[in-house]
Amino acid sequence: MKITDIKQSGDIYIVTFKPTWIEKIFGIKDVSKIFKDTGNQYTFGNQSVYIRQNGKKLGNGNWIAQEIDAWKLRF
């Protein structure tokens, strides 16, 4: 999956994923997932800590968290 859009509402981020061509063959559709910024950062890597909608943290170096951080720096 590839991130196509990120929208922010306070400390909540709605991330839209688009499937690759091979995932489309298997019938996977576009998906939106919700992540919350905790305001904390990992000690090593200086990456923000995000929590999924189900309450699990994204790990240090997670590609989704890196994309959200890069998106925040664009504005």
Side-chain angles (χ1 to χ4, degrees):
M1 296 230 140
K2 181 181 179 180
I3 294 176
T4 57
D5 189 35
I6 299 174
K7 294 182 182 176
Q8 181 180 8
S9 176
D11 60 348
I12 304 292
Y13 294 90
I14 301 168
V15 181
T16 305
F17 297 89
K18 181 178 180 181
T20 61
W21 67 273
I22 195 140
E23 291 171 331
K24 286 182 184 178
I25 292 173
F26 291 108
I28 297 175
K29 306 268 186 217
D30 290 4
V31 177
S32 292
K33 296 184 181 181
I34 298 173
F35 300 93
K36 181 178 180 183
D37 187 359
T38 62
N40 298 329
Q41 287 189 337
Y42 286 107
T43 303
F44 300 104
N46 291 332
Q47 182 177 328
S48 298
V49 179
Y50 296 97
I51 298 176
R52 296 178 190 258
Q53 190 172 7
N54 63 3
K56 295 185 180 180
K57 283 195 295 188
L58 295 178
N60 190 12
N62 184 289
W63 71 277
I64 299 170
Q66 290 176 349
E67 288 291 325
I68 294 172
D69 284 345
W71 180 83
K72 288 193 306 188
L73 289 176
R74 287 186 226 165
F75 298 104

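None of the values given here were measured: they were computed from a predicted structure. The chain is numbered in sequence order, starting from 1.
Judged by distance alone, with hydrogens and angles left aside, the side-chain atoms of Gln66 form no donor-acceptor pair with the main-chain N or O of Ile68 at under 3.5 Å.
In this structure, Asn46 CG and Asn60 CG are separated by 9.5 Å, a value rounded to the nearest 0.5 Å. Considering OG1 of Thr20 and NZ of Lys2, their distance stands at 10.5 Å, rounded to 0.5 Å. Between atom CD1 of residue Ile6 and atom CZ of residue Arg74 there is a gap of 6.5 Å, rounded to the nearest 0.5 Å. The structure places CG of Asn40 at 13.0 Å from CD of Gln47, a figure rounded to the nearest 0.5 Å. Put simply, OG1 on Thr16 and CE on Met1 are 10.5 Å apart, with the number rounded to the nearest 0.5 Å. To the nearest 0.5 Å, atoms CD1 (Ile51) and CD1 (Ile34) are separated by 13.5 Å.
Under a hydrophobic clustering in which Ile, Leu, Val, Met, Phe, Trp and Tyr are joined whenever their side-chain heavy atoms come within less than 4.5 Å, directly or via other members, Phe35 and Val49 fall into different clusters. Linking Ile, Leu, Val, Met, Phe, Trp and Tyr residues whenever their side-chain heavy atoms come within less than 4.5 Å leaves Ile28 and Trp21 in two separate clusters. Under a hydrophobic-cluster definition in which Ile, Leu, Val, Met, Phe, Trp and Tyr are linked whenever side-chain heavy atoms come within less than 4.5 Å, directly or via other members, Ile12 and Phe17 are assigned to different clusters. In the hydrophobic clustering of ILVMFWY residues, with side-chain heavy atoms under 4.5 Å counting as a link, Trp71 and Trp63 come out together.
Minimum interatomic distance between Tyr42 and Leu58 (heavy atoms only, all atoms of both residues): OH-O, 2.6 Å. Taking all atoms of both residues into account, the shortest heavy-atom contact from Lys7 to Asp5 is CE-OD2, 3.0 Å.
Using a 4.5 Å heavy-atom cutoff, the side chains of Lys24 and Lys18 are in contact. Side chains of Ile64 and Tyr50 form no contact here, defined as non-hydrogen atoms less than 4.5 Å apart.
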(message) Is there a side-chain hydrogen bond (donor to acceptor under 3.5 Å, both in side chains) between Ser48 and Asp37? Walk through the geometry before answering.
(response) CA-CA 7 Å; Ser48 298; Asp37 187 359; 4.5 Å; no
